[in-house]
2 protein chains.
Amino acid sequence: MTMEATLEGVRERLYLKVKGQIVERIEQLRPGVLIPPERDLAVAYETSRTTVRKAVAELVTEGRLVRRQGSGTYVAEPKLAWPLSVSDFNGHAEAETEGLRTCTILLGTERIAAGEELADRLGMRPGAEILSMQLLRSVNDAPMALECVHVVGRRYCGLEAEIAASEFVYEVLRKRISDRVARAVETIETVPAAPSQAALLGTEIGTPMLLVTQHGHTAQGEPVEWVQTWYRGDRYSFVAHITKPQAHAGRHLMPT
Amino acid sequence: MTMEATLEGVRERLYLKVKGQIVERIEQLRPGVLIPPERDLAVAYETSRTTVRKAVAELVTEGRLVRRQGSGTYVAEPKLAWPLSVSDFNGHAEAETEGLRTCTILLGTERIAAGEELADRLGMRPGAEILSMQLLRSVNDAPMALECVHVVGRRYCGLEAEIAASEFVYEVLRKRISDRVARAVETIETVPAAPSQAALLGTEIGTPMLLVTQHGHTAQGEPVEWVQTWYRGDRYSFVAHITKPQAHAGRHLMPT
DNA sequence: CAGTGGTCTAGACCACAAT
DNA sequence: TTGTGGTCTAGACCACTGC
């Protein structure tokens with residue numbers, strides 16, 4: 001993740017090294033495959049079982065491994081997507097009316113060649129220029145979320161400078177980008193905080209966060225932006241006020 | 001929580017006992033207060049520091065304690081509520097169109113006298129009868145969520161029987177209750193899985209879950225239901241398809 | 001400097017699964 | 001019975017805070 005580059009000098013943590021090595025192993029395996037016992041991994045990686053367990057624990061909370069007592073540890077099935085209706089996760093307007101002071105800091109920007117995955121998400125060819133921006137969003141002076149925005153570089157010349165020069169970082173960003181977005185797909189999941197994220201948010205490594213991924217398109221279906229936002233799960237709850245559009249009358253029954 | 005009663009025979013876990021004792025302590029303290037060092041707690045509770053750390057770790061992920069290296073552990077500020085717009089977290093209709101088979105099992109029901117908190121939430125006097133229902137919701141035969149529904153008992157005579165007799169548990173429940181709901185407040189937060197929940201969902205104790213709390217009211221503002229749903233965070237991601245109602249043009253700028 | 005939380009070790013015993 | 005993950009112990013050393 002690009003966010004890693006934001007923080008330097010993080011002391012190497014053994015359990016993270018082990019975690020990385022386990023990830024390398026299981027990436028090539030299919031769901032349901034049994035991985036070696038914790039005691040064997042401890043020997044293989046020349047460490048203690050406790051350290052292996054910490055690494056495995058994070059992979060379990062990320063949904064990549066499943067532990068079965070008495071049986072073993074297995075590669076997990078990929079996460080299932082469950083439908084949900086959200087209309088705007090970034091309720092700035094409401095926040096202000098409730099007396100919350102919001103603040104956004106531009107941590108950094110970079111223009112790099114798109115990898116295969118991002119290129120696909122933004123509808124461009126691999127190697128074309130991507131503009132990435134990292135933001136730190138705070139509420140009442142306490143860090144709340146890290147946001148990583150990716151757009152097609154060619155479409156947004158000088159956007160970094162414009163944002164850096166503005167007092168209203170977030171609003172400028174959203175105005176320049178979101179005006180083109182007509183439809184979006186949002187994904188919400190829980191993930192443990194990485195060390196760099198924990199440092200920036202003042203939270204603990206491994207603390208659960210809400211990861212919201214937004215994929216915005218124009219009305220014509222052209223990809224506009226791919227945004228990931230990590231919210232502190234320990235410090236915030238998210239509140240929605242809902243007014244029901246219609247009774248459920250029109251829906252047909254289905255097996256429950 | 002009522003859900004606790006659903007499972008028996010869970011072996012007593014020392015770190016949970018310690019956690020409970022710490023909770024008792026900090027409940028009476030104000031945010032920002034320093035609690036005793038881990039080594040002292042280990043002595044006081046006649047256990048090891050490791051066990052104390054596991055208990056404290058869960059309280060940190062619940063946002064009740066904050067650890068500061070080199071300084072100490074403190075009672076946390078209460079969670080901040082961040083506004084969010086959600087219109088229907090239970091996207092049954094969409095789920096089916098995407099080929100997900102949903103299934104709901106009624107785990108249990110009970111009619112008990114309302115405590116002060118629940119009575120207040122449901123607009124009744126303490127001691128009046130509350131109907132609580134526990135549901136296990138699965139997708140493609142894999143447990144996805146635990147739901148605990150609370151309504152005013154007097155308003156729903158025989159609802160348990162009606163649901164127990166039906167094939168369409170969830171739809172009957174929502175039809176009978178949600179038809180009265182016009183407005184709702186939803187809260188989303190991350191919490192670690194309790195042992196009883198972990199057992200029912202086939203997940204691990206302490207795994208982060210998405211806790212969604214729904215507080216439904218009639219158009220006249222009368223409370224109808226108070227529902228808590230725990231979703232497995234390791235196994236599911238939640239996807240929303242959004243169509244933007246309007247451009248952001250009308251909004252005024254605000255400090256970011 | 002002393003005291004705190006953060007990481008890691010080596011080993012014990014338990015509960016459960018598979019045989 | 002054997003081997004697995006689950007819990008717990010006692011202690012070490014490190015990194016950081018605050019005096």
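Protein chains get the first letters and strands the later ones, always in sequence-line order, with residue 1 at the start of each. In what follows, every heavy atom counts, from backbone to side chain, and hydrogens, waters and symmetry copies are set aside. What you see is a predicted model; the values in this text were computed from it and never measured.
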Colleague: Send over the distance from A:Gln69 CD to C:dA15 C1', rounded to a whole Å.
Modeller: 5 Å
Colleague: Could you tell me whether B:Arg174 and B:Glu147 make a salt bridge, using a distance below 4.0 angstrom between a side-chain N and a carboxylate O?
Modeller: yes
Colleague: Roughly how many Å is it from CG in A:Leu65 to C1' in D:dT4, rounded to a whole number?
Modeller: 15 Å
Colleague: In whole angstroms, how far is the P atom of C:dA10 from the CG atom of A:Leu14?
Modeller: 11 Å
Colleague: Give me the bend of the helix from C:dC1-D:dG18 to C:dA18-D:dT1, using the axes of the five pairs at each end, rounded to 10°.
Modeller: 10°
Colleague: Atom CZ of A:Arg67 to atom C1' of C:dA17: distance rounded to whole Å?
Modeller: 16 Å
Colleague: Any salt bridge (Lys or Arg N to Asp or Glu O under 4.0 Å) involving residues 192-210 of chain A? Give me the pairs, sequence neighbours left out, ordered by first then second residue.
Modeller: A:Glu204-B:Arg67
Colleague: Among C:dT7, D:dG6, D:dG18, which nucleotide sits nearest the side chain of A:Ile205?
Modeller: C:dT7
Colleague: At under 4.0 Å, does any side-chain N or O of B:Arg13 touch on OP1 or OP2 of D:dT7?
Modeller: yes
Colleague: Could you check B:Glu160, B:Glu110, B:His150 and say which one makes a side-chain hydrogen bond (donor to acceptor under 3.5 Å, both in side chains) with B:Ser132?
Modeller: B:His150
Colleague: Which residues pass the side-chain contact (heavy atoms from CB on, under 4.5 Å) test with A:Lys79, not counting sequence neighbours?
Modeller: A:Glu189, B:Ser237
Colleague: In Å and rounded to the nearest 0.5 Å, what is the CG to OG1 distance from A:Leu14 to A:Thr50?
Modeller: 11.0 Å
Colleague: From CD of B:Glu204 over to C1' of C:dC16, roughly how many Å is that when rounded to an integer?
Modeller: 14 Å
Colleague: How far does CG of A:Leu201 sit from CH2 of A:Trp230, to the nearest 0.5 angstrom?
Modeller: 10.5 Å
Colleague: Holding to salt bridge (charged side-chain N to carboxylate O under 4.0 Å, His left out), I want the full list of residues that pass it with B:Glu117, two or more places apart in sequence or in another chain.
Modeller: B:Arg121
Colleague: Reckon B:Arg68 has a side-chain N or O less than 4.0 Å from the OP1 or OP2 of C:dT4?
Modeller: no
Colleague: On DNA chain C, does the nearest nucleotide to B:Gly70 precede the nearest nucleotide to A:Gly70 from the 5' side, or the other way round? Give the residue.
Modeller: B:Gly70
Colleague: Tell me, do B:Ile22 and B:Arg64 make a side-chain contact under 4.5 Å, heavy atoms counted?
Modeller: no
Colleague: Report the distance from atom CG of B:Leu59 to atom C1' of C:dG5, rounded to the nearest whole Å.
Modeller: 16 Å
Colleague: Please name all residues satisfying salt bridge (charged side-chain N to carboxylate O under 4.0 Å, His left out) with A:Arg235, sequence neighbours left out, ordered by chain then number.
Modeller: none
Colleague: Starting at atom CG of B:Leu34, determine the distance to atom P of C:dG3, rounded to an integer number of angstrom.
Modeller: 14 Å
Colleague: Between residues 37-58 of chain A and DNA chain C, which residues have a heavy-atom gap below 4.0 Å?
Modeller: A:Arg39, A:Thr47, A:Ser48, A:Arg49, A:Thr50, A:Thr51, A:Lys54
Colleague: Among C:dG5, D:dG5, D:dT7, which nucleotide has an atom closest to any side-chain atom of A:Thr73?
Modeller: D:dG5
Colleague: How close or far is atom C1' of D:dG5 from atom OH of A:Tyr74, stated in whole angstroms?
Modeller: 11 Å
